[in-house]
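I have placed the structure first, in the form of structure tokens, so that the comments after it can refer back to it.
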Amino acid sequence: MEYTTLGKTGLRISRMGFGGIPIQKVDAGVTRRLMELLAEHGVNYIDTARGYTVSEAYLGEALTGLRDRFILATKSMARTKEAMARDIEISLANLKTDFIDLYQIHNPSLAELEQVIAPGGALEALLEARDAGKIRHLGITAHMAGVFERALEMDWVETVMFPYNLVETQGEALMRRCTEQQVGFICMKPLAGGALEDASLALRFIARNPDVSVVIPGMCDPKEIEENIAALEDASPLTVQELEKIEAIRKELGTQFCRRCNYCQPCTAGISISGIFVLEGYLRRYGLGDWAQQRYAALDKKAGDCVGCGACESRCPYQLPIREMLARCKDEFGR
């Protein structure tokens, strides 16, 4: 396992970390086995969040006796001092730890980021918690380049988490600035929210960028851990054929595709928005049209049930034209 220093935090971390979203689908027992396997392989960076329902709690149970083997990072959507102070205490209790290595402002808009740093904002609670030894380092996560750029102007920001993968490279110039400013760069969405089928190729592409401090694929199965580690440890250069495949994937996906973050939910009409887009991918790209049609037919709510309110689009961090995309799915699936 390759290790690096996470920017000016000074934390020595593995270049592959563990994304804690998918363990919401398993339980604390499975999570414990995953933590043991990570420790065996020398993976020492774990990412979770207050917003990931049971993720923090499962990790807290699973890390009993293993806490000192890992660097723990979590994050909160709180924007005010009071709400952030409360979330920090919840995180500490859930994770069953006296301190959290990295606490991050979770996906603020530019306006929300200004609220965070204003008097009475969440930053005050974070600084007080750091002074009290409850957290050690501060960071920010973002989905939009404007927030990423603004974060690099703030001297308290020690890390930035941002999407980076073989079809989303819009952050590369800002990633270079991270290196220059000794700000750790945490790569999220390495598989573009599941849109990329070839995980090995996707991770090998990321590993070849020296501006990536750590990549955090979400995992809930031991097999995924073994496969992802093998990909990250493969130092061979990308072949001509692989580079051609990357270009083909870029042309096919473009930039307007769902990353399954589910910030768009809940839908006013009860539609599983990301679920429909997943089925559309199988219909259009993976040669599983009959399977996709069958699964789509079984859905209670179809794309055609969209009432066009636009609430989903106001919440989408990628500013996708979700209503147009659902209309396209309605045409493709026939209802």
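Computed from a predicted structure; not experimentally measured. Just the heavy atoms: all of them, side chains too, but no hydrogens, waters or symmetry mates, feed the values below.
Ion pairing between Glu61 and Arg67 fails under the 4.0 Å rule for side-chain N and carboxylate O. Note on Glu247 versus Arg250: salt bridge recorded, some NZ/NE/NH1/NH2 to OD/OE distance being below 4.0 Å. Classification of Glu112 and Arg79 as a salt-bridged pair holds, one side-chain N sitting under 4.0 Å from a carboxylate O.
Ile271 is connected to Tyr296 through a chain of hydrophobic side-chain contacts under 4.5 Å among Ile, Leu, Val, Met, Phe, Trp and Tyr, so both are in one cluster. Under the 4.5 Å side-chain contact rule for hydrophobic residues, Met161 and Trp156 do not share a cluster. Ile206 and Phe257 fall within the same hydrophobic cluster, where Ile, Leu, Val, Met, Phe, Trp and Tyr residues are linked whenever their side-chain heavy atoms come under 4.5 Å apart, directly or through other members. Grouping the Ile, Leu, Val, Met, Phe, Trp and Tyr side chains by contacts below 4.5 angstrom, directly or via other members, places Met84 apart from Met77. Hydrophobic clustering (ILVMFWY, side-chain heavy atoms < 4.5 Å, transitive): Leu63 and Ile88 are in one cluster.
Checked by atom type and distance alone, the side chain of Thr141 pairs as donor or acceptor with a backbone atom of Asn107 at under 3.5 Å. In this structure, the side chain of Asp101 engages the main chain of Leu72 through a donor-acceptor pair within 3.5 Å. A donor-acceptor pair is defined here as one N or O able to donate and one able to accept, closer than 3.5 Å; such a pair exists between the side chain of Asn44 and the backbone of Arg12. When atom types are taken as modelled, the side chain of Thr97 and the backbone of Phe99 share a donor-acceptor pair closer than 3.5 angstrom. Side chain of Gln265 to main chain of Ile273: a donor-acceptor pair is present (N/O by atom type, distance under 3.5 Å, no hydrogens or angles). Between the Asn94 side chain and the Glu56 main chain, no donor and acceptor come within less than 3.5 Å of each other. Looking at Glu280, its side chain never comes within 3.5 Å of a backbone N or O of Cys329 through a donor-acceptor pair. Between the Gln181 side chain and the Leu152 main chain, a donor and an acceptor come within less than 3.5 Å of each other. Side chain of Tyr58 to main chain of Arg32: no donor-acceptor pair is present (N/O by atom type, distance under 3.5 Å, no hydrogens or angles). In this structure a side-chain-to-backbone donor-acceptor pair under 3.5 Å is missing from Arg136 to Lys134.
Note: Phe148 and Phe185 have parallel aromatic rings, judged against thresholds of 30 and 60 degrees for the angle between ring planes.
With contacts defined as side-chain heavy-atom distances shorter than 4.5 Å, the pair Leu203/Pro190 qualifies. Under the 4.5 Å side-chain criterion, counting only non-hydrogen atoms from C-beta, Val43 is in contact with Met1. Put simply, the side chain of Asp87 does not reach to within 4.5 Å of the side chain of Thr74, judged on heavy atoms.
Ring to ring, Phe162 and His143 are not that close: their centroids are 6.0 angstrom or more apart. A ring-centre distance under 6.0 Å is not found for Tyr103 and His137.
The shortest heavy-atom contact between Thr268 and Ala311 is OG1-CB, 4.2 Å. The two residues Gly17 and Pro217 have their closest heavy-atom pair at O-CD, 3.7 Å. The two residues Cys264 and Ile322 have their closest heavy-atom pair at CB-CD1, 4.0 Å. Looking at every heavy atom in both residues, Ala62 comes nearest to Met35 through CB-CG, 3.8 Å. Between Val157 and Val183, the shortest heavy-atom contact is O-CG2, 3.9 Å. Across all their heavy atoms, Pro119 and Glu124 have their closest contact at CA-OE2, 3.4 Å.
Heavy atoms of other residues, nucleotides or ligands lying less than 6.0 angstrom from NZ of Lys302 number more than 12. Other residues, nucleotides and ligands contribute only 12 or fewer heavy atoms inside 6.0 Å of the CG atom of Asp300. When the shell of 6.0 Å around NZ of Lys330 is examined, it contains 12 or fewer heavy atoms from other residues, nucleotides or ligands. No more than 12 heavy atoms of other residues, nucleotides or ligands shown are found within 6.0 angstrom of CZ on Arg69. With a 6.0 Å radius and a threshold of 12 heavy atoms from other residues, nucleotides or ligands, Glu324 has its CD atom at or below the threshold.
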Gln24 vs Thr53, side chain to side chain donor-acceptor pair (under 3.5 Å): CA-CA, chis, key distance, verdict
CA-CA 7 Å; Gln24 297 173 92; Thr53 62; 2.5 Å; yes
Quick one: do Val214 and Met16 satisfy side-chain contact (heavy atoms from CB on, under 4.5 Å)? Show the steps, please.
CA-CA 5 Å; Val214 61; Met16 191 185 94; 5.8 Å; no
Pair Leu95-Leu59, side-chain contact (heavy atoms from CB on, under 4.5 Å): steps then yes or no:
CA-CA 6 Å; Leu95 292 166; Leu59 286 167; 3.9 Å; yes
Pair Asn165-Glu168, side chain to side chain donor-acceptor pair (under 3.5 Å): steps then yes or no:
CA-CA 5 Å; Asn165 52 65; Glu168 295 180 281; 2.7 Å; yes
Salt bridge (charged side-chain N to carboxylate O under 4.0 Å, His left out) between Asp211 and Arg177: does it pass, once the steps are laid out?
CA-CA 9 Å; Asp211 296 323; Arg177 283 183 55 189; over 6 Å; no
Quick one: do Leu11 and Thr5 satisfy side-chain contact (heavy atoms from CB on, under 4.5 Å)? Show the steps, please.
CA-CA 6 Å; Leu11 297 171; Thr5 300; over 6 Å; no
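With rounding to the nearest 0.5 Å, the separation of OG in Ser213 from CD in Gln182 is 11.0 Å. Atom SG of Cys178 and atom NZ of Lys8 lie 9.5 Å apart (nearest 0.5 Å). To the nearest 0.5 angstrom, Phe205 atom CZ is 6.5 Å from Thr169 atom OG1. Ser314 contributes atom OG, which lies 11.0 Å from atom CD of Gln319 (distance to the nearest 0.5 angstrom). Annotation: the span from Leu38 atom CG to Glu40 atom CD amounts to 9.0 Å, rounded to 0.5 Å. With rounding to the nearest 0.5 Å, the separation of CD1 in Ile276 from CG in Leu326 is 6.0 Å.
Remark: the Thr48 side chain and the Ser55 side chain contain an N/O donor-acceptor pair separated by less than 3.5 Å. In this model, a donor atom of one side chain and an acceptor atom of the other lie less than 3.5 Å apart for Glu172 and Tyr164.
In this structure, Arg15 fails the cation-pi test against Tyr3, since its NZ or CZ atom is not both closer than 6.0 Å to the six-membered ring centre and inside 45 degrees of the ring normal.
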